[in-house]
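Taking it in order: structure first as structure tokens, then the write-up.
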Amino acid sequence: MTANDYGYHRDELYFRLLGEHPQWGYADQPPFTPMLVRFGIEMFGDTLWAVRVPSAVLLGLTALVLAAIARETGGGTVAQALAAAGVFAVFPLSSAHITSTSTPDLLVWTGVLFFVVRALLWRRPWAWAGAGIVAGLGLWNKHLVLLLLLCLAVALALAGPREVLRSRHLWIGVTAAVVIGSPNLIYQVMHGFPQAEMAAAIAENKGGESRAALLPLQFALPPLPPVWIAGLVMLIRDSRLRRLRALAVAYPLMFVVVLVTAGQPYYTAGLLLGLHAVGAVAVERWVTGRRGRQALAGGTVVAMSATAVVLSLPVIPEKDLAGSVPAEVNETIAEQIGWREYVWQIGTVWAGLSAADRDRAVLFTGNYGEAGALDRYGPALRLPAVYSGHNALHEFGPPPDSKRIVIAVLDTPPEALGTCTPKAVLRNSPGVENEEVGTRVHVCRMDRPWSLAWPELQHYD
């Protein structure tokens, strides 16, 4: 219902651009999400709605998997409904609405946890193969699932049951994950592990911020913190779930790893949703036969879900976003506003060039969102081709050497772009801030071949 409201998020514009260049992998990610966006466009047309529908379907599947985890751990109808409601939190809803790598990753992580629960709790050894297949498919989207597998392996060694580490079925699952995920892993090896380089850049640039936000966000990522905490306690104390205690141990292990490595605070979200599904069983037992508790639990779920919808989805008219709480607390909202106007402002700089310079001009941006916006809206203004050195866009190569005029969307153009003259300062859409965003547009005249300048323009963040 809200897929067409606001506009593209900068990540969606980037995925759309990557999808035009199919590869086994990219410098900053595997190919699944860009190809998912490409699939939506091929099926439904080059529209915002087409980009977002596949991601919404994946979130719906995640809700079903969460309900299945609750059922496997002894939950009835109430527990399964509460478990499925785990997707009605700010992070899952925001991720699925704008189409991000996190939405498929949530499905992958909860899918792995479902098969792990079946393998451990119900002694279904072939479920390890299912976990391996899901993890292998997940490697086509993000390598983050390796963090889950590592923490689960260490947790099994610490909390047991240790005998499963010697099970041939578990190693069949490991083999399946490696074989299925190998094409993108091979890509990383052959290209010198660019994702490791990018991860190091993110840790350097945002490490302090990520560490500071990690603990608070553990209580904001799932919809109801008491539910996942109840799941953690239940795994430790309930004798019927003794064989699942490794899941409880895996969470603090993961928290420490993310903290030490300065990973993004949302890296724990998939495991937290799994704990939420287990905790839903505890909540069901707590409310059974007690109408007061049922009313309290039901009202809390409705209130928290409604809050998440307001903070995540475009339910507030764009003209009323300025100064609103959702725009202040959820940066994904602001990053959906104003891209068409942004491109129009850059277009005025291009239109101000002489006819000869326009024929020799290209666009260059320092940010993949700007490049994606220019690729999406630029053709309607007859703007030239866009290039960038940001993340995977550097792989697509430099412009032809005949293109000596560069319209650079950068605060400070590097020397590699030649002699640059500032021409404009871009503004946000009036719907959010109506103020200068600090990004300047320069017109640069190249004084050397692109082949020499291009290596200096690559950067990750």
Side-chain angles (χ1 to χ4, degrees), residues 1-12 48-49 51-64 66-67 81-103 105-107 110 213 215-229 264-266 268-270 272-273 276-277 279-280 283 295-339 369 428-435:
M1 292 176 60
T2 61
N4 276 329
D5 293 335
Y6 300 166
Y8 291 93
H9 185 268
R10 73 187 194 105
D11 288 354
E12 292 174 310
L48 182 60
W49 181 86
V51 166
R52 290 179 170 175
V53 165
S55 188
V57 172
L58 293 180
L59 187 67
L61 294 175
T62 302
L64 294 178
L66 290 172
L82 178 57
V87 299
F88 286 97
V90 173
F91 178 71
L93 286 178
S94 295
S95 299
H97 171 67
I98 65 170
T99 298
S100 69
T101 56
S102 297
T103 307
D105 213 41
L106 291 177
L107 179 58
T110 54
L215 182 59
L217 281 181
Q218 302 311 291
F219 300 96
L221 291 172
L224 295 168
V227 178
W228 75 258
I229 293 172
Q264 296 298 297
Y266 66 83
T268 60
L272 284 174
L273 281 179
H276 169 89
V283 173
L296 175 62
T300 302
V301 170
V302 171
M304 294 296 293
S305 298
T307 301
V309 167
V310 172
L311 294 178
S312 308
L313 302 182
V315 296
I316 297 176
E318 184 176 324
K319 62 183 179 64
D320 298 326
L321 276 176
S324 67
V325 173
E328 293 295 326
V329 303
N330 189 349
E331 65 179 14
T332 63
I333 291 178
E335 290 180 346
Q336 298 172 60
I337 305 299
W339 286 113
N428 270 355
S429 165
V432 180
E433 294 177 351
N434 193 26
E435 64 181 17

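With sequence neighbours excluded, no residue forms a side-chain contact (heavy atoms from CB on, under 4.5 Å) with Ala81. Here Pro317 pairs with Lys319, Asp320 under the side-chain contact (heavy atoms from CB on, under 4.5 Å) rule; sequence neighbours left out. Legend: residues meeting side chain to side chain donor-acceptor pair (under 3.5 Å) with Thr332, ordered by chain and number and at least two apart, are Asn330. For the side-chain contact (heavy atoms from CB on, under 4.5 Å) test, residues two or more places apart in sequence or in another chain that qualify with Thr103 are Ser55, Leu58, Leu59, Ser95, Ala96, Ser100. Every residue meeting the side chain to side chain donor-acceptor pair (under 3.5 Å) condition with Gln218, not counting sequence neighbours, appears here in chain and number order: Tyr251, Thr268. For the side-chain contact (heavy atoms from CB on, under 4.5 Å) test, residues two or more places apart in sequence or in another chain that qualify with Ala213 are Leu217, Pro265.
The two atoms that bring Tyr6 and Leu48 nearest to each other are O-CD2, 4.1 Å, heavy atoms only. Here the closest non-hydrogen pair linking Leu273 and Gly86 is CD2-O, 3.5 Å. When every heavy atom of His97 is checked against every heavy atom of Glu12, the shortest pair comes out as O-OE2, 4.0 Å. Across Ala83 and Ala277, no two heavy atoms sit closer than the pair CB-CA, 3.8 Å. Contact record, Ile316 with Pro326: CD1-CG, 3.4 Å, taken as the closest heavy-atom pair.
Using a 30° and 60° split on the angle between ring planes, Trp228 and Phe219 fall in the tilted class, from 30° to 60°.
Note that OG1 of Thr110 and CG of Leu64 are 10.0 Å apart. Values are rounded to the nearest 0.5 Å. Taking CG of Leu61 as the reference point, atom CG of Leu66 lies at 11.0 Å (rounded to 0.5 Å). Rounding to the nearest 0.5 Å places CG of Leu224 at 7.0 Å from OG of Ser305. Rounding to the nearest 0.5 Å gives a distance of 10.5 Å between CD1 of Ile333 and CD of Glu328. How far OH of Tyr8 is from CH2 of Trp339: 13.0 Å, rounded to the nearest 0.5 Å. Put simply, CD1 on Ile98 and CG on Leu93 are 11.5 Å apart, with the number rounded to the nearest 0.5 Å.
A distance-only check finds a donor-acceptor pair linking the side chain of His276 to the backbone of Leu82 [under 3.5 Å]. Not one N or O on the side chain of Ser312 forms a donor-acceptor pair closer than 3.5 Å with the backbone of Val309.
Two residues are said to be in side-chain contact when any heavy atoms from C-beta on lie closer than 4.5 Å; Leu106 and Pro92 meet this criterion.
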